[in-house]
Protein chains: 2
Amino acid sequence: MKKNNITIHDIARMLGISSSTVSRALSGNPRISLKTREAVANLAHEKGYHPNVMASSLRRGKTKTVGLIIPRINRHFFSNVIGGIEEVLNLSGYNLMICQSDESHEKEIENLKTLMNLRVDGIFISMATGSTNSEHLKNCLSRGVRLMMFDRVDEELPVDRIVLDDFEGAYQTVKHLVEQGYRKIAHFSGPEHINVYRNRKRGYLEALKDSGLEVTSGLILQDVLDREKGYEACLSLLAGKDVPDAIFSSSDFSALGALLAAKKKGVSTPGDLGIAGFANEPFTELFDPPITSVDQNSIEMGKTLAQLFLDKESEERVGSEPYTIVLKPRLLIRKSSLRKT
Amino acid sequence: MKKNNITIHDIARMLGISSSTVSRALSGNPRISLKTREAVANLAHEKGYHPNVMASSLRRGKTKTVGLIIPRINRHFFSNVIGGIEEVLNLSGYNLMICQSDESHEKEIENLKTLMNLRVDGIFISMATGSTNSEHLKNCLSRGVRLMMFDRVDEELPVDRIVLDDFEGAYQTVKHLVEQGYRKIAHFSGPEHINVYRNRKRGYLEALKDSGLEVTSGLILQDVLDREKGYEACLSLLAGKDVPDAIFSSSDFSALGALLAAKKKGVSTPGDLGIAGFANEPFTELFDPPITSVDQNSIEMGKTLAQLFLDKESEERVGSEPYTIVLKPRLLIRKSSLRKT
DNA sequence: TAAAAAAATACAATCGATTGCGCAAATATT
DNA sequence: AATATTTGCGCAATCGATTGTATTTTTTTA
């Protein structure tokens with residue numbers, strides 16, 4: 001960028017006043033007379049003055065920027081969270097620096113470092129699958145960074161957290177499947193070290209128990225989160241000796257894979273095999289049959305996250321107790337799990 | 001962020017040397033003895049020194065940050081472009097500041113302002129549908145901002161451009177439909193003021209002409225880009241007097257809408273109605289039938305964009321002629337447009 | 001051994017905005 | 001009219017890193 005940028009010094013010189021006056025005038029400080037303030041505002045506008053954020057940040061020790069670390073931006077859930085965060089943050093003049101970890105621990109550490117160098121005022125993070133420990137986060141905390149976690153969180157760390165009631169979402173879904181008459185319900189799960197998958201599985205188990213159904217370990221498949229894995233898993237379930245009559249998947253992608261596999265094998269959904277996913281990806285309602293899923297209240301999560309950050313930021317009392325806010329999921333019943341008419 | 005950050009001055013004091021030496025040592029300046037450089041590096045590492053990017057940017061007039069303005073991050077095309085950009089940029093230590101215009105002109109202007117305040121070293125932009133003029137971009141240029149456009153570009157502005165050969169993509173697709181025996185091919189288009197839709201339509205028209213087919217104005221529908229509009233448009237085409245036997249859509253979303261509408265009406269695809277979209281959204285290959293589409297080479301576009309930026313940035317010769325790089329599309333023929341066996 | 005050359009480091013200004021403190025002018029108070 | 005307030009503004013330091021120009025130290029050369 002060329003250096004033809006106007007500074008407050010330029011404005012000061014043109015008006016024959018000092019740069020401190022210009023600074024105060026621009027910020028609307030009442031110690032400066034209205035006449036001067038207007039003169040400054042006019043000239044600034046006329047000359048196209050843009051404050052140098054770096055200089056201001058350096059001096060004030062605040063960047064008015066928040067960093068966001070997420071596994072992937074092209075997941076419906078995360079892009080919605082981003083939307084929610086920006087909606088709230090932008091109103092207060094904050095910017096969002098988005099980083100993708102690509103589910104890799106190393107990249108997550110790299111992102112963290114980048115954001116720390118940038119001296120962002122806060123960091124929002126949803127952990128990568130690859131992050132099996134939180135040393136890097138602890139490191140951050142010990143430096144005094146304002147860290148906030150959402151969705152995929154470390155439940156031990158003393159930080160603010162916004163999470164979905166994954167247990168509840170899973171519980172309701174499985175209960176719904178049972179109501180529809182399904183009795184042998186399989187489950188596609190994710191890595192145990194990630195809270196959301198752990199909790200969804202807990203919800204699944206609890207719902208089975210409360211319904212008087214038996215838990216069959218062969219029906220619980222770990223690490224089945226993408227379409228390919230879902231496809232394979234479904235095929236092997238259908239070919240196995242414990243054939244399920246429904247699948248509750250922790251991921252819409254693997255639920256879709258299962259649907260495609262069932263279709264391939266001539267197994268009808270929802271008749272012979274009920275299917276339900278999780279996350280309410282847009283594609284779920286477009287397939288035939290549309291796939292039952294759980295909406296994660298993603299926009300709300302983003303907004304809540306940002307609002308909590310802003311609240312704490314304005315309060316100044318840094319040492320306050322960390323909050324954990326739990327949002328409610330919403331079960332979206334679609335044809336793929338509707339057997340009764 | 002708390003102020004317990006270590007600075008080069010702290011390191012200098014601890015080592016009993018000057019901060020300028022520390023600065024040079026950290027940057028590996030050979031004027032500093034190896035012994036000192038190592039001592040500095042060690043202490044910096046030990047104390048967890050993180051350079052203050054703001055201070056450095058302010059002094060050097062370079063932020064090592066590039067701004068990106070796109071309509072939406074959750075479009076497959078754009079998130080891939082982001083991936084490509086980051087892959088190249090991160091290697092050179094640059095960061096990417098992502099802004100969404102939400103297809104709104106006002107937001108685009110707002111984003112531009114934000115990025116200018118941040119003094120980013122360059123701005124990559126793909127224009128919003130709502131932006132019917134480029135005054136805001138001209139404004140930017142006159143301030144000396146290094147602006148680069150991609151995909152949805154202003155073809156008049158003196159800036160670097162990376163675009164897809166939309167004409168070619170459309171031409172090939174329509175030619176393919178003709179080869180498959182389709183004769184009355186409809187077209188879903190987008191706003192005329194956007195280059196990509198204009199060029200796709202041109203490709204469509206040219207292909208019809210070269211195939212000796214007549215252009216029927218009733219078969220060209222403007223502003224049919226999302227699923228709902230595609231659905232409606234297809235219904236009305238099927239109910240009209242000029243019923244097409246194929247649809248070439250400028251958007252995968254409206255192509256999907258058309259597919260769903262055809263299915264609803266009992267019109268078989270590809271038998272009675274061939275369908276082809278544009279953008280190679282992931283869902284296109286998952287439907288039954290999978291939808292023919294045109295891949296936009298999105299990752300490559302991002303990489304090219306970033307690489308060109310870096311090249312020009314290192315060359316220093318700011319006034320060089322703007323480039324326009326045209327990438328080739330790739331037609332992905334799938335079942336939705338395959339009538340011959 | 002003294003002078004010259006080279007190597008290693010220090011000094012101080014700078015980037016642009018902010019802000020505590022102080023000074024001067026305008027207004028109010030006695 | 002003299003003093004006390006208030007109002008409006010300028011001075012200068014500061015944030016942390018960078019860099020042109022000394023200055024000091026070490027090494028080389030005559």
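Since this is a predicted model, take the numbers as computed values, not measurements. Residue numbering restarts at 1 for every chain, and letters A, B, ... go by the order of the sequence lines.
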Inset, instruction - Identify, residue by residue, the members of residues 34-51 of chain A with a heavy atom below 4.0 Å from DNA chain C, and return them in order of residue number, or none. - result: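 Residues of residues 34-51 of chain A that come under 4.0 Å of DNA chain C are, in numerical order, Tyr49(A), Pro51(A).
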Using a cut-off of strictly less than 4.0 Å, decide whether [X] has a side-chain nitrogen or oxygen near OP1 or OP2 of [N].
X        : N       : answer
Ser56(A) : dG16(C) : no
Ser23(A) : dT19(C) : no
Ser18(B) : dC11(C) : no
Thr7(B)  : dG16(D) : no

Output a table of donor-acceptor pairs, distance under 3.5 Å, between side-chain atoms of residues 36-45 of chain A and any protein atom two or more places apart or on a different chain; print 'none' if there are none.
from	atom 1	to	atom 2	distance (Å)
Thr36(A)	OG1	Ser33(A)	OG	2.8
Arg37(A)	NE	Ile32(A)	O	3.0
Arg37(A)	NH2	Ile32(A)	O	3.3
Asn42(A)	ND2	Glu38(A)	O	3.2

Inset, instruction - Could you tell me which residues satisfy side chain to side chain donor-acceptor pair (under 3.5 Å) with His9(A), sequence neighbours excluded, listed by chain and number? - result: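 In terms of side chain to side chain donor-acceptor pair (under 3.5 Å), with neighbours along the sequence ignored, His9(A) is linked to Ser19(A).
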Legend entry - Non-neighbouring partners of Ser57(A) that pass side chain to side chain donor-acceptor pair (under 3.5 Å), sequence neighbours left out: none
Could I get the full list of side chain to side chain contact (heavy atoms under 4.5 Å, CB included) partners for [X], not counting sequence neighbours?
X         : answer
Ser79(A)  : Ile73(B), Asn74(B)
Ala128(A) : Ser101(A), Glu103(A), Glu108(A), Ser131(A)
Thr324(B) : Arg161(B), Val163(B), Val326(B)
Glu156(A) : Asp154(A)

Inset, instruction - Please determine, for the side chain of Ile17(B), which listed nucleotide (dT19(D), dA17(C), dA10(C)) has the closest atom? - result: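 Of the options given, the side chain of Ile17(B) lies nearest dA10(C).
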Legend entry - Angle of first-five versus last-five pair axes in the helix from dT1(C)-dA30(D) to dT30(C)-dA1(D), to 10 degrees: 50°
Legend entry - Partner set under ring-ring contact (aromatic ring centres under 6.0 Å, His included) for His76(A), not counting sequence neighbours: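 Counting only residues at least two positions away or on another chain, His76(A) forms no ring-ring contact (aromatic ring centres under 6.0 Å, His included).
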Inset, instruction - Please state how far atom NZ in Lys62(A) lies from atom C1' in dA17(C), giving the value in whole angstrom units. - result: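 Answer to the nearest Å: 17 Å.
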Inset, instruction - Let me have a per-nucleotide readout for nucleotides 21-27 of chain D, 5' to 3', with B, S or -, counting only protein heavy atoms under 4.0 Å. - result: BB-----
Legend entry - Pairs involving residues 296-305 of chain A, ordered by first then second residue, that meet side chain to side chain donor-acceptor pair (under 3.5 Å) (sequence neighbours left out):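 Pairs touching residues 296-305 of chain A that pass the test: Asn80(A)-Ser298(A).
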